[in-house]
Amino acid sequence: MGKVFSTIEWKQGKVRLIDQTRLPGKLVYIDCKDIKPLWYAIRKLKVRGAPALGIAASLGVVLGLKDSTARNFSDFVKELDGIIRYLASARPTAVNLFWALERMKRTALKNAKRPISQIKKILLKEALSIMEEDKRACRRMATFGARLIRSGDRILTHCNAGALATADYGTALGVMYRAKQEGKDIKVYVDETRPLLQGARLTAWELLQHKIDATLICDNMAATLMAQGKVDKIIVGADRIASNGDVANKIGTYSLAVLADYHKIPFYVVAPVSTFDFALKNGRNIPIEQRDPREVAEICKKRIAPKGVKVYNPAFDVTPNALITAIVTEKGIFKRRPFSKTLRRLYV
Ligand code: MRU
């Protein structure tokens, strides 16, 4: 199950990213050598997907500090705090971004006694460990998740929770790659995922690279497919999971979960532990990103709606835990019985 491309890398002092806004037309890599273009790449979804955002943010800290002239630790931390605030302002929902920034801050504080030049090196090492851990987590999630897949399964997925969203081969899609590798015959339905079409542009492209039998549908066709008995399982990723198992993910995930419940179809979420926000009791307080109205009023930058119409454009929704059959993490499969009990194993 080889990885066909590298979504995010550290290359000679630069962050190399696939510009996902150019896919599937062109596979273009961009090099960010400063923090500002990296912030912009996050904001504009050139790099996207919760785990990849965590990795990008941690490497962003390294870029932000590279020219630091701080002479003592207290000045260095002031700069670090400014950099963290700046990167944290890029996107609000995926908790991996904040988790990675906090981890970078903790690492700096733990090494306060060392010379600044050495702390910078330690921070780079920490960012690279975040990336390596994500790769290992992807593989473990794939192994656990593939146990849920039977040969012949027809799986529906939403948005892109694949290699393009992680440093390795993804969360939800990783499960499919592993199932295929194990010789299981699977078919995947891909929601186009309006407004930014991560399903049509990214997931469809990725699945074809991995030679998975993929069929693209418009988001509003999912109910019909389910009613026709053509969907055996739904598997999606997550941007933030509260302690009780409520899941924030790409807008449209909640409607799929409601449909799955009605049609008695298992609904699985695959996400690393870094996507959990144990500070939140439930999903009510998950910040939901509101994006530019033009994303809805236009398709691929071409205006489709009349000028002057009001637009509502939340990028994520929250699926209540009661609609989720199980959450797959690198630490195993957590069933709903209820999640507030089973998920405790992850944080106590
Ligand atoms: O707005 P995006 O493209 O960053 O949203 C991404 C998603 O919603 C993914 O499903 C989620 O981050 C999981 S990625 C493994």
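We count ligands from 1, going down the list as the structure has it; atoms in each ligand are counted the same way. Computed over heavy atoms, backbone and side chain alike; hydrogens, waters and symmetry mates excluded. The model shown is predicted, which means the values in this text are computed figures rather than measured ones. We number each residue from 1, following the sequence as shown.
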### Task
Output all residues satisfying ring-ring contact (aromatic ring centres under 6.0 Å, His included) with Trp10, sequence neighbours left out; order by chain, then residue number.
none
### Task
Flag yes if more than 12 heavy atoms outside Gln12 fall under 6.0 Å of its CD atom; otherwise flag no.
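Open.
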### Query
How does Leu196 reach ligand 1, by side chain, by backbone, by both or by neither, if only non-hydrogen atoms under 4.0 Å count?
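Near ligand 1, Leu196 shows nothing, with every heavy atom at 4.0 Å or more.
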### Query
Which one holds for Lys250 and ligand 1: side chain close, backbone close, both close, or neither close, with close meaning a heavy atom under 4.0 Å?
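Both the backbone and the side chain of Lys250 come within reach of ligand 1.
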### Task
Working to the nearest 0.5 Å, report the span between OG1 of Thr203 and CG of Leu164.
8.0 Å
### Query
According to the ring-ring contact (aromatic ring centres under 6.0 Å, His included) rule, which pairs have a member within residues 265-288, sequence neighbours left out?
Phe276-Phe278, Phe278-Tyr347
Within a distance under 4.0 Å of any heavy atom of [X], pick out the atoms of ligand 1 and give their elements.
X: Ala165; result: 14 (S), 15 (C)
X: Arg91; result: 1 (O), 2 (P), 4 (O)
X: Pro51; result: 14 (S), 15 (C)
X: Phe316; result: 1 (O), 5 (O), 8 (O)
X: Ala238; result: 11 (C), 12 (O), 13 (C)
X: Gln198; result: 1 (O), 2 (P), 3 (O)

### Message
Donor-acceptor pair, distance only, cut-off 3.5 Å: does the side chain of Arg178 make one with the backbone of Arg147?
### Response
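A pair under 3.5 Å: no.
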### Query
Between Thr157 (side chain) and Val190 (backbone), is there a donor-acceptor pair under 3.5 Å?
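No, Thr157 side chain to Val190 backbone: no donor-acceptor pair under 3.5 Å.
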### Query
Are Asp191 and Thr193 linked by a side-chain donor-acceptor pair shorter than 3.5 Å?
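Side chains of Asp191 and Thr193: no pair found under 3.5 Å.
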#### Entry: Sole candidate of Leu63, Ile35, Leu53 that passes side chain to side chain contact (heavy atoms under 4.5 Å, CB included) when paired with Leu87
Ile35
Tell me: protein heavy atom nearest [atom], and distance?
atom: atom 9 (C) of ligand 1; value: Asn249 OD1, 3.4 Å
atom: atom 11 (C) of ligand 1; value: Asp239 OD1, 3.1 Å
atom: atom 3 (O) of ligand 1; value: Arg48 NE, 2.5 Å
atom: atom 15 (C) of ligand 1; value: Thr171 OG1, 3.2 Å

### Query
Mind checking whether Ala50 has an N or O less than 3.5 Å away from an N or O of ligand 1?
yes
### Task
Look only at interatomic distance and state if Gly49 has a nitrogen or oxygen under 3.5 Å from any nitrogen or oxygen of ligand 1.
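Yes, at least one N or O pair falls under 3.5 Å.
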### Task
Take the angle between the ring planes of Tyr177 and Tyr169 and call it parallel below 30°, perpendicular above 60°, tilted in between.
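Tyr177 and Tyr169: perpendicular rings.
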### Query
Looking at ligand 1, does Ala315 have a heavy atom less than 4.0 Å from it?
no
### Message
Check this for me, if you would: do Arg294 and Asp292 make a salt bridge, where the nitrogen-to-carboxylate-oxygen distance has to be below 4.0 angstrom?
### Response
yes
